[in-house]
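What follows is a single structure, written as structure tokens, with notes after it.
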Amino acid sequence: MMTLPPDRLERFARHIVLPEIGGAGQAALAGAHAVLVGIGGIGSPALQYLAAAGIGTLTLIDDDRIDASNLQRQTLFAQGDVGALKVERAEAWLERFDPALRVQAVAMRVTAENAQALLSGADVVLDGCDNFATRLAVSDACVAAGVPLVSAAVGRFQGQVAAFAGHLPDHSCYRCFVGDAFDAEDCDTCADDGMLGAMAAWTASLGAMQAIRVLLQGVSTLGDPQWGMLHVLDGLAPSLRTMRIAKDPACRACSAS
């Protein structure tokens, strides 16, 4: 098992003192590899908490550039970053925040053709992208590669977070949840509908927590991934409700033909 040097023990002392994480859990996080798809409203705050948790290797995938309208919710960036690639500025932030972390920035759009190669080697994928076609490509690639997926989405005053393990028997995947009708890139956007910035942060932080749960499975008691449990966050009430996403026996991604 990986051991942590004294400076890392001090940095993560508030984690290590938690019985649900402990030294073994923190060491597991240090040895883990998380891939973030999308460094926007979800990915920006989620990245900050995954990095703060000491996840040792982070791969950032996004081909988008920072727009002034992003700054209302993507607090990783500042006014001077407008026009720059999100992954480049996120990588620079990570290098300042914790130089011990290993970071790979990929300025590329995930497609059905490249998804499996881009997600290779991940222990968990956190998908916070903004269209169904990419989400389904990511989900299908995770199922094929046997990689757990945490999917997080937000719009207006509602967020959704779920961890999927469609590669495991009797567990659903993201395609079981949304079906095949959303493979096209014709979904609503926050530019059309609006979004409360703090709602993105609430959803993203829960997504980060679920990713940490996945990474700690079998290591510490926090490691309950809650596979297939969809958590729906309501920012107007506020409230949270949870429902189970059943495996679709006809799913073309995770069910036997």
Side-chain angles (χ1 to χ4, degrees), residues 2-18 21 23 25-110 118-119 121-130 150 152 154 195 197-212 214-216:
M2 175 184 292
T3 57
L4 300 173
D7 62 321
R8 304 303 277 177
L9 291 172
E10 180 180 7
R11 182 169 185 132
F12 300 110
R14 300 300 186 275
H15 270 182
I16 294 168
V17 75
L18 292 169
I21 299 179
Q26 192 59 51
L29 294 177
H33 178 192
V35 174
L36 284 82
V37 180
I39 310 299
I42 296 292
S44 170
L47 173 60
Q48 291 175 290
Y49 280 102
L50 293 176
I55 294 176
T57 302
L58 296 160
T59 297
L60 320 177
I61 307 175
D62 197 316
D63 69 341
D64 200 11
R65 293 182 180 271
I66 300 160
D67 184 82
S69 66
N70 298 151
L71 304 180
Q72 161 258 11
R73 64 199 177 281
Q74 299 175 27
T75 54
L76 193 67
F77 311 122
Q79 184 66 39
D81 296 325
V82 171
L85 284 165
K86 291 181 179 180
V87 290
E88 289 184 353
R89 286 296 189 263
E91 182 180 30
W93 179 87
L94 282 165
E95 289 171 351
R96 293 193 305 272
F97 178 75
D98 188 349
L101 302 181
R102 296 171 295 280
V103 185
Q104 180 184 19
V106 181
M108 187 179 296
R109 188 177 186 84
V110 178
L118 289 174
L119 306 181
D123 296 307
V124 67
V125 172
L126 174 57
D127 184 6
C129 72
D130 62 0
V150 174
V154 65
M195 184 192 302
M199 193 69 224
W202 183 20
T203 306
S205 61
L206 180 56
M209 284 189 65
Q210 295 307 96
I212 290 169
V214 169
L215 294 174
L216 293 181

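What you see is a predicted model, and the numbers here were worked out from it, not measured in a lab. Keep in mind that the numbers below use all heavy atoms, side chains included, and drop hydrogens, waters and symmetry copies. Just so you know, residue 1 is the first one in the sequence shown, and it goes up from there.
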Taking all non-hydrogen atoms of both residues, which atom of A200 and which atom of P45 are closest, and how far apart? O-CG, 4.3 Å
Rounded distance (nearest 0.5 Å) linking atom CG of L118 with atom OG1 of T59: 9.5 Å
Taking all non-hydrogen atoms of both residues, which atom of L47 and which atom of A90 are closest, and how far apart? CD2-CB, 3.8 Å
Qualifying side-chain hydrogen bond (donor to acceptor under 3.5 Å, both in side chains) pairs, either residue in residues 90-100, two or more places apart: R8-D98
Pairs in or reaching into residues 26-85: which pass ring-ring contact (aromatic ring centres under 6.0 Å, His included), with residues at least two apart or in two chains? none
Reported CG-to-CD distance for the pair L216 and Q26, which is rounded to 0.5 angstrom: 8.5 Å
Hey, are the side chains of L18 and R14 touching, using non-hydrogen atoms and a 4.5 Å cut-off? no
Distance col, row M195:CE vs T203:OG1, nearest 0.5 angstrom, shows 8.0 Å
Nearest heavy-atom contact between A211 and L50 is CB-CD2, 4.2 Å
Going from CG on L58 to CG on L36, what distance comes out if it is rounded to the nearest 0.5 angstrom? 6.5 Å
Show, in sequence, the C-alpha distance, side-chain angles and deciding distance for L76 and R89, and conclude whether the side chain to side chain contact (heavy atoms under 4.5 Å, CB included) test is met. CA-CA 8 Å; L76 193 67; R89 286 296 189 263; over 6 Å; no
Got I55 and L101 here, is their nearest side-chain heavy-atom distance under 4.5 Å? no
Taking all heavy atoms of A53 and all of I212, pick out the closest pair and write down the distance. CB-CD1, 3.8 Å
Using a 3.5 Å distance criterion without hydrogens, assess whether the side chain of S205 forms a donor-acceptor pair with backbone atoms of W202. yes
Determine the minimum heavy-atom distance between A204 and G41, stating which atoms define it. CB-O, 4.4 Å
Supply the atom-to-atom distance Q104 CD to L94 CG, rounded to the nearest 0.5 angstrom. 12.5 Å
Side-chain contact test, heavy atoms from C-beta onward, threshold under 4.5 Å: evaluate it for D127 versus V35 and give yes or no. no
Gap between atom CE of M108 and atom CG of D62 - 0.5 Å precision: 12.0 Å
Of all heavy-atom pairs between V125 and A122, which one has the smallest distance, and what is that distance? CG2-CB, 4.1 Å
Report yes if some heavy atom in the side chain of K86 is under 4.5 Å from a heavy atom in the side chain of N70; otherwise report no. yes
Can you check whether L71 reaches Q79 side chain to side chain, under 4.5 Å on heavy atoms? yes
The single option from I61, I66, L85, L60 that satisfies side chain to side chain contact (heavy atoms under 4.5 Å, CB included) with I39 is L60
When you compare the side chain of V37 with that of L119, does any pair of heavy atoms fall below 4.5 Å? yes
